[in-house]
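Report on the following structure.
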Amino acid sequence: MNIAQPVNSKVTGVSFTFYDPSEVRRMSVKQVVNPVLLDSLGNPTKGGLYDPAMGPFTKNHLCGTCSLSYFNCPGHFGHIELPTPVVNPMMFDALYRFLQGCCPYCHKFTFNRVTAARFIAKFRLLEYGLVKEANDLDDLLPKTQSTITDPETGEVIMAIDDNHGIDSDEDMGDEAKEVVERVGQDIDGGKKAGTESSDQYIDRINRFVEKKLSTVERSTYKVTMVNDARRQLIKSLISRSRNQSCQNCRGPVPKLRRDGYLKIFREPLTRKQQAVQQSKGLSYADVLHLDMAQFVKQSKEKQQQQQKQKQKQQDELSSDDSDSESSEDEDMEES
Ligand SMILES: [Zn+2]
Ligand SMILES: [Zn+2]
């Protein structure tokens, strides 16, 4: 925005974020390349940290960029090009916490996609200040009429009657939690008449969110309360992502260790975990030689394929249903 031509408008919100490298370069008046601050006469060196382009060095100097005096120059940003990527120390704690819950093979959070869908749904509701609705989502459990069976052994592992009596994710009984996790892992096997597949359940969650979001405007909510709820949610996301094996690809997840704000080490797997890793044919990606562009392209293609499949399924479903739900499906796809 050009501050010389003010726009008559009302501020509706403020958000904070970090500059990306291209923005830093555009803002910068000088690339700092010289590690020497002052020359032998005590004057600032060219390309050093005290380069006159970033502001006058003493009261007698003028600014190299705006030519104003020591008192009037606002000071200007310079930048240093780093030879290797460096993690912003402010972000390191968060990075480390999230990385501990990430799968080194499929690069997702180690919880299953149903749990992920529930977290996404809650974050979306909180984004619009819908704290109560986010809590209501805890009551939205997968439909299980009678039993869920283990897809591998065929044993009955769960038997519940209905979806009532659960207040919040923290109070959510182990039973209910397990149902959510089971349904998340249950992709083709272990399905009984009356039970919902994970896709159907995720669809139901998304429809719930769309319905709630369609009734609100974004700006009217109490910030503190929502922030508290969001903080709690992030906390529970982090604790739920601490799994010894990934619930998506079943790969064993190694422990991590950090060294200050600089390095993260991957601890070796236990012997048992190594055996699992070998039997599944999994191996770590070499991060130093990872072709990020290729990786992003691949995962995007995969996502598109999944979406196409989902659309197909939905089309089939909506042609069967004569409910009003089909219109809600369309709303959801637009977003
Ligand atoms: Zn200046
Ligand atoms: Zn995985």
Side-chain angles (χ1 to χ4, degrees), residues 17 20 85 91 94-95 97-128 134 137 140 142 151 180-189 191 196-214 230 233-234 237-238 240-241 243 245-253 280-287 289-319 325-335:
T17 177
D20 67 32
M91 298 305 219
L95 173 81
R97 251 179 273 144
F98 285 126
L99 216 52
Q100 278 175 303
C102 282
C103 170
Y105 317 102
C106 67
H107 309 285
K108 291 173 180 156
F109 278 120
T110 58
F111 44 66
N112 62 53
R113 57 204 193 91
V114 168
T115 312
R118 285 168 64 91
F119 275 120
I120 293 169
K122 282 192 189 182
F123 278 118
R124 287 186 65 197
L125 290 168
L126 288 181
E127 179 93 25
Y128 284 78
L137 200 70
L140 197 79
V180 172
E181 254 153 47
R182 272 294 149 194
V183 173
Q185 287 164 20
D186 168 27
I187 289 152
D188 350 83
K191 229 174 86 182
E196 221 174 3
S197 78
S198 34
D199 279 332
Q200 285 167 336
Y201 179 50
I202 290 171
D203 275 351
R204 199 151 59 89
I205 292 174
N206 289 338
R207 278 204 299 274
F208 174 86
V209 175
E210 293 303 329
K211 203 171 168 186
K212 299 287 174 191
L213 291 189
S214 65
R230 192 179 289 142
L233 190 58
I234 293 172
L237 182 146
I238 285 169
R240 287 290 287 282
S241 69
N243 295 306
S245 64
C246 171
Q247 292 179 352
N248 297 299
C249 69
R250 307 293 176 113
V253 179
K280 296 200 175 291
L282 296 166
S283 62
Y284 300 137
D286 184 352
V287 283
H289 297 104
L290 191 66
D291 187 347
M292 254 342 254
Q294 186 71 20
F295 179 74
V296 170
K297 202 178 146 199
Q298 273 175 0
S299 52
K300 259 188 194 160
E301 278 171 3
K302 219 175 184 181
Q303 244 176 19
Q304 275 170 357
Q305 260 177 14
Q306 276 174 353
Q307 252 171 13
K308 260 184 210 161
Q309 263 180 4
K310 209 171 139 191
Q311 182 122 32
K312 233 186 214 171
Q313 280 175 355
Q314 265 179 0
D315 288 348
E316 280 165 22
L317 270 178
S318 59
S319 62
E325 282 181 352
S326 56
S327 65
E328 284 169 4
D329 284 351
E330 278 160 23
D331 289 349
M332 199 174 64
E333 278 152 21
E334 276 169 23
S335 62

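Along the sequence shown, residues are numbered consecutively beginning with 1.
Looking only at side-chain heavy atoms (C-beta outward), Q305 and E301 stay at 4.5 Å or farther from each other. Side-chain contact between C249 and C103 is present, with at least one heavy-atom pair separated by less than 4.5 Å. The closest side-chain heavy-atom distance from D203 to Q313 is not below 4.5 Å.
Between atom CD of residue Q100 and atom CG of residue L95 there is a gap of 10.0 Å, rounded to the nearest 0.5 Å. Between the CD atom of Q247 and the CZ atom of R240 there is a distance of 8.0 Å, given to the nearest 0.5 Å. Note that CD1 of I202 and CD of Q200 are 11.0 Å apart. Values are rounded to the nearest 0.5 Å. I205 contributes atom CD1, which lies 11.5 Å from atom CZ of F119 (distance to the nearest 0.5 angstrom). Rounding to the nearest 0.5 angstrom, the gap separating the CZ atom in R207 from the CZ atom in R204 is 8.0 Å. How far CG of N112 is from OG1 of T115: 3.5 Å, rounded to the nearest 0.5 Å.
A salt bridge links R124 to E210: one of the charged nitrogens lies within less than 4.0 Å of a carboxylate oxygen. A salt bridge is absent between K310 and D315; no separation between the charged side-chain nitrogens and carboxylate oxygens falls under 4.0 Å.
Using modelled atom types, one finds no donor on one side chain facing an acceptor on the other under 3.5 Å when comparing Y105 with R250.
Nearest heavy atom pair, residue V114 against residue S198, reads CG2-CB, 3.6 Å. Of all heavy-atom pairs spanning A121 and L137, the tightest one is CB-CD2, 3.6 Å. Closest of all the heavy-atom pairs between T110 and N243 is OG1-ND2, 3.0 Å. Pairing each heavy atom of L282 with each of P252, the nearest pair is CD1-CD, 4.3 Å. In terms of heavy atoms, A134 sits closest to L126 at CB-CD2, 4.0 Å.
Applying the side-chain contact (heavy atoms from CB on, under 4.5 Å) rule to K108 yields the partners C106, N248; only residues at least two apart in sequence or on another chain are considered. Not counting sequence neighbours, the partners of A116 by the side-chain contact (heavy atoms from CB on, under 4.5 Å) test are F111. Remark: F208 pairs with no residue by the ring-ring contact (aromatic ring centres under 6.0 Å, His included) rule, at least two apart or across chains.
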* **Working for side-chain contact (heavy atoms from CB on, under 4.5 Å), residues D199 and R113** => CA-CA 9 Å; D199 279 332; R113 57 204 193 91; 3.2 Å; yes
